[in-house]
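Counting starts at 1 for both ligands and their atoms, following the listed order.
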Amino acid sequence: MKLSFRWYGEEDPVKIEYIKQIPSMDSIVTAIYDVPVGEVWSMESINKVKETVEKAGLNFDVIESVPVHEDIKLGFSSRDKYIENYKQNIINLGKAGVKVICYNFMPVFDWTRSQLDKKLEDGSTALVYYKDQINKMDPLKGELSLPGWDSSYTKEDLKDLFDKYSKIDEEDLWTNLEYFLKEIIPVAEASNVKMAIHPDDPPWSIFGLPRIITTEENLDRFLKLVDSEYNGLTLCTGSLGSGSFNNIVRMVDKYSAQGRIHFMHVRNIKLLDDGSFEESAHYSSCGSLNIVEIMKALHKNKFNGYLRPDHGRMIWGETGKPGYGLYDRALGAMYIAGIWETLDNVNKE
Ligand code: DNO
């Protein structure tokens, strides 16, 4: 297991030197943030980030994310041009030594929460998804202020996108995903870059938009679309785990045994009775997921991919990007590394 940490580049309030100070930290997970979705990342900009990461003593092995243009998800004829650009990005990143690319296939919105600063009992704040809050939201009325919801969308753009998606259903989305994978996976194989799709967060349809990377059954289907090791998963425990229908330990065990998990996002959530959830500290008893069992499954299968502590709460007065502060993610990293070290030692005895 290679421990990694997401870093948003020079603009990130979390300094890269601080990340290096976390014991056993191996890699930075980052992206090129100033190129519009669908365009090619230049070798120059890739190499610049690589240099910064390596200068800090960390590896530049994982990209999160190379975003997929909506025309590809919608299956428009313009997709071919964007797919060619996507392939070029895989080639360029492969040249720079990148080993894993994380991406997602969620229409319009990436991860979605109803509130970013919910005060928990201990005074920390966390990201939450309360169904009653979501039900009151109407993205077409312009109530968009959550991260992951591209703030560059105007109300008109959104209306237009919603109109386009109203004409396609889940099966169409599967067809468009398959088309995309059949094009890009051979390039990933040739470039020795493993593709790792991120599950939909939360794993159900929101605002009437189709979502398909949601359940074990669908992940099985996804992996069969192109049966190559290079067509793999980012297994995000918190995303899949927010559906009580998903058995995360079983999924981690199954897909790591198959060698199809290239990147793990580990975080915990507290499931509430009505299907809502709150993000919690990584520590197992703070949430509904058993992180020790998850790590045991990975360890048993000799997981050799990348793992990052996912969202943390905001603690100790830290401010900054919700979910992506230094302190709670660093606590999460050490908790995870501690479990791993223990498993290594116990297995030696
Ligand atoms: C949220 C992240 C996601 C993830 C993308 C991958 O914090 O896990 O935004 O980066 O879905 O494409």
Kindly identify the option in Ala31, Ser65, Pro322 whose heavy atom sits closest to atom 6 (C) of ligand 1.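 Selected option, by shortest heavy-atom distance: Ser65.
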When you compare ligand 1 with Asp310, is there at least one nitrogen or oxygen pair between them that comes in under 3.5 angstrom?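 No, no N or O pair falls under 3.5 Å.
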Measuring from the heavy atoms of Cys102, does anything fall under 4.0 Å of ligand 1?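 For ligand 1, residue contact (heavy atoms, under 4.0 Å) with Cys102 is present.
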Is ligand 1 less than 4.0 angstrom away from at least one heavy atom of Arg113?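 Under 4.0 Å: no for Arg113.
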Find all atoms of ligand 1 within a distance of less than 4.0 Å from any non-hydrogen atom belonging to [X], and give their numbers and elements.
X: His265; answer: 8 (O)
X: Asp110; answer: 3 (C), 5 (C), 9 (O), 11 (O)
X: Tyr103; answer: 12 (O)
X: Asn104; answer: 5 (C), 6 (C), 11 (O), 12 (O)
X: Glu64; answer: 2 (C), 4 (C), 8 (O), 10 (O)
X: Met106; answer: 11 (O)
X: Arg308; answer: 8 (O)

Between Phe263 and Tyr306, does the ring centre distance come in under 6.0 Å?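 No; Tyr306 has its ring centre 6.0 Å or more from that of Phe263.
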Determine whether the aromatic ring centres of residues Phe277 and Tyr130 are separated by less than 6.0 angstrom.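 No - the distance between ring centres of Tyr130 and Phe277 does not fall below the 6.0 Å cut-off.
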How about Val193 and Val100: do any of their side-chain heavy atoms sit closer than 4.5 Å?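 With C-beta onward as the side chain, the pair stays apart.
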If you define the side chain from C-beta out and look only at heavy atoms, does anything of Glu279 sit under 4.5 Å from Val128?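 Answer no - side chains too far apart.
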Side chain, backbone, both or neither: the part of [X] lying under 4.0 Å from ligand 1 by heavy atom:
X: Lys321; result: neither
X: Arg267; result: neither
X: Trp111; result: side chain

Do Glu156 and Lys159 sit within salt-bridge range, that is, some charged N less than 4.0 Å from a carboxylate O?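 The answer is no: the pair does not qualify as a salt bridge.
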So, using side-chain hydrogen bond (donor to acceptor under 3.5 Å, both in side chains) as the criterion, who are the partners of Asn290 when residues are at least two apart?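 Residues passing side-chain hydrogen bond (donor to acceptor under 3.5 Å, both in side chains) with Asn290: none at all.
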I'd like to check the salt bridge (charged side-chain N to carboxylate O under 4.0 Å, His left out) partners of Arg211; sequence neighbours left out, ordered by chain and number.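 If we apply the salt bridge (charged side-chain N to carboxylate O under 4.0 Å, His left out) test to Arg211, skipping adjacent residues, there are no hits.
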Is the backbone of Arg313 close enough, under 3.5 Å, to the side chain of Asp328 for a donor and an acceptor to pair up by distance?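 The answer is yes, because a donor-acceptor pair under 3.5 Å joins these two groups.
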Does any N or O in the side chain of Asn104 come within less than 3.5 Å of the main-chain N or O of His198, such that one atom is a donor and the other an acceptor?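 Judged by distance alone, no pair lies under 3.5 Å.
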